[in-house]
Number of protein chains: 2
Amino acid sequence: MLIGELSKKTGLSKDTIRFYEKIGLIVASDRCAGTRLYKEYSSETIERLLMINQGKRLGFTLNEMKQLLDEWSGGTIPKQEQIKIIERKIEEITEKTQQLNTIETYLVNKLNKLNEEVIP
Amino acid sequence: MLIGELSKKTGLSKDTIRFYEKIGLIVASDRCAGTRLYKEYSSETIERLLMINQGKRLGFTLNEMKQLLDEWSGGTIPKQEQIKIIERKIEEITEKTQQLNTIETYLVNKLNKLNEEVIP
DNA sequence: GTAAACTATGGAGTATACTCCACAGTCAAA
DNA sequence: TTTGACTGTGGAGTATACTCCATAGTTTAC
């Protein structure tokens, strides 16, 4: 698929997608178009972009997501190392979840207090 | 307390703390020091900075944290609005938690597969 | 066949969040 | 009393993550 379609399917701008390709976060193959080349994206790229976006909203940087997704698709890294990296990532996520729970508890308490004050 | 102490207690650099003060994320009172003024920070500022940092790692921007913490310390905003803002924040956090869980599930599955491959 | 809508490239510009530096005054200990 | 660690201000610089623009070739619908 071309960049316009990918953009619509992921909700990311064409510029963002081109930027991600430039920094090697996603890949594209070339497709002839007259004297020039258009970029052809696979449907897996949709999933990849959605995961990147999700990770970003959870406070991961693009570099962290790149690393994680590269482990994901395996490749050259030894399995023992992959395991370590994924274990570390799981720890990070557990930590983040706990922090979110702490904040949620704070917020729910605050909300209850406010509700009591408004409707006594 | 002065900035050095606050820096040590929060793990944030002095520059970062000064930057946060500049953009109104935290406040300080003035304390005379000869012809000049030193900044005096209250112990609540520690808590505030820790929450800001926690929020940041969870993907909230400084502006979002400012808004949230401003609601938190109440003030001029009507309670009905405070309630709405906090409810929205709780929703956001629930969403983030769900996304983290999704990613964690992916990662745990991947980890199990890898472990099976390494120790068959 | 031509206008509208798409594509690529290169480079400049923006927002966020710092980080570093130079310079200068302050304070506590030796 | 002086040295070293602290404090402040102003401003420049950096990293990350885009966003916009000009230019120019391509495709599609009419």
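Below, chain A is the first sequence line, B the second, and so on; all start at residue 1. Values below: every heavy atom of this structure, side chains too, minus hydrogens, waters and symmetry copies.
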Shared-cluster residues of B/Tyr38, by chain and number - hydrophobic side chains joined below 4.5 Å: B/Leu2
Atom-to-atom span, CD of A/Glu5 to C1' of C/dT7 - whole angstrom: 14 Å
Please examine the side chains of A/Thr10 and A/Asn53, heavy atoms only from C-beta on, and report whether any two atoms are closer than 4.5 Å. no
Provide, to the nearest angstrom, the distance between the CZ atom belonging to B/Phe19 and the P atom belonging to C/dT16. 9 Å
Does B/Thr105 use its side chain to pair, donor to acceptor, with the backbone of B/Asn101 at less than 3.5 Å? yes
Phosphate oxygens OP1/OP2 of C/dT7: is one of them under 4.0 Å from a side-chain N or O of A/Lys14? yes
Would you indicate which nucleotide in D/dT9, C/dC18, D/dT19 comes nearest to any side-chain atom of B/Lys39? D/dT9
Could you tell me the separation between the CG atom of A/Asn53 and the C1' atom of D/dT16, rounded to a whole number of Å? 15 Å
Could you state the CD1-P distance from B/Ile3 to D/dC6, rounded to the nearest angstrom? 12 Å
Does A/Lys113 pair with A/Glu117 as a salt bridge, N-O distance under 4.0 Å? no
Could you state the OH-C1' distance from A/Tyr41 to C/dC6, rounded to the nearest angstrom? 13 Å
I'd like a table of donor-acceptor pairs (distance under 3.5 Å, sequence neighbours excluded) in which one partner is a side-chain atom from residues 17-32 of chain A, with atom names and distances.
from    : atom 1 : to      : atom 2 : distance (Å)
A/Glu21 : OE1    : A/Tyr41 : OH     : 3.0
A/Ser29 : OG     : A/Glu40 : O      : 3.4
A/Arg31 : NH1    : A/Glu40 : OE1    : 2.7

How would you label the contact of A/Leu2 with the nucleic acid (heavy atoms, under 4.0 Å): base, sugar-phosphate, or nothing? sugar-phosphate
Note, A/Lys110 side chain near B/Gln82 side chain (heavy atom, < 4.5 Å): yes
With a cut-off of less than 4.0 Å, is there a side-chain N or O of A/Thr16 near OP1 or OP2 of D/dT19? yes
Pairwise 5' ranking along DNA chain D for A/Thr61 and B/Glu40, keeping only the more 5' one: B/Glu40
How does each nucleotide of nucleotides 24-30 of chain C score, in 5' to 3' order, for protein heavy atoms under 4.0 Å: base (B), sugar-phosphate only (S), or none (-)? BBSS---
Under the side chain to side chain contact (heavy atoms under 4.5 Å, CB included) test, which residues partner A/Gln80, sequence neighbours left out? A/Ile83, B/Val118
How is A/Ile23 classified with respect to the nucleic acid when contacts are heavy atoms under 4.0 Å: base, sugar-phosphate, or nothing? nothing
Testing the 3.5 Å rule here: is there a donor-acceptor pair between the side chains of A/Thr94 and A/Thr97? no
Expected rows: protein N/O vs nucleotides 10-12 of chain C N/O, under 3.5 Å:
none

Listed nucleotide nearest any side-chain atom of B/Arg18, set C/dC18, C/dA8, D/dT9: D/dT9
In whole Å, what is the span from the CD atom of B/Glu21 to the C1' atom of D/dG10? 15 Å
Taking side chain to side chain contact (heavy atoms under 4.5 Å, CB included) as the test, write out the residues that go with B/Glu64, two or more places apart. B/Phe60, B/Thr61, B/Lys89
Could you state the NZ-P distance from A/Lys66 to D/dA15, rounded to the nearest angstrom? 19 Å
Taking only side-chain nitrogens and oxygens of B/Tyr20, does any of them come within less than 4.0 Å of OP1 or OP2 of C/dC18? yes
Can you measure B/Leu37 atom CG to D/dT9 atom C1' for me and round it to whole angstrom units? 12 Å
Test item: B/Ile93 and A/Glu104 side chains (from C-beta on) under 4.5 Å apart, heavy atoms: yes
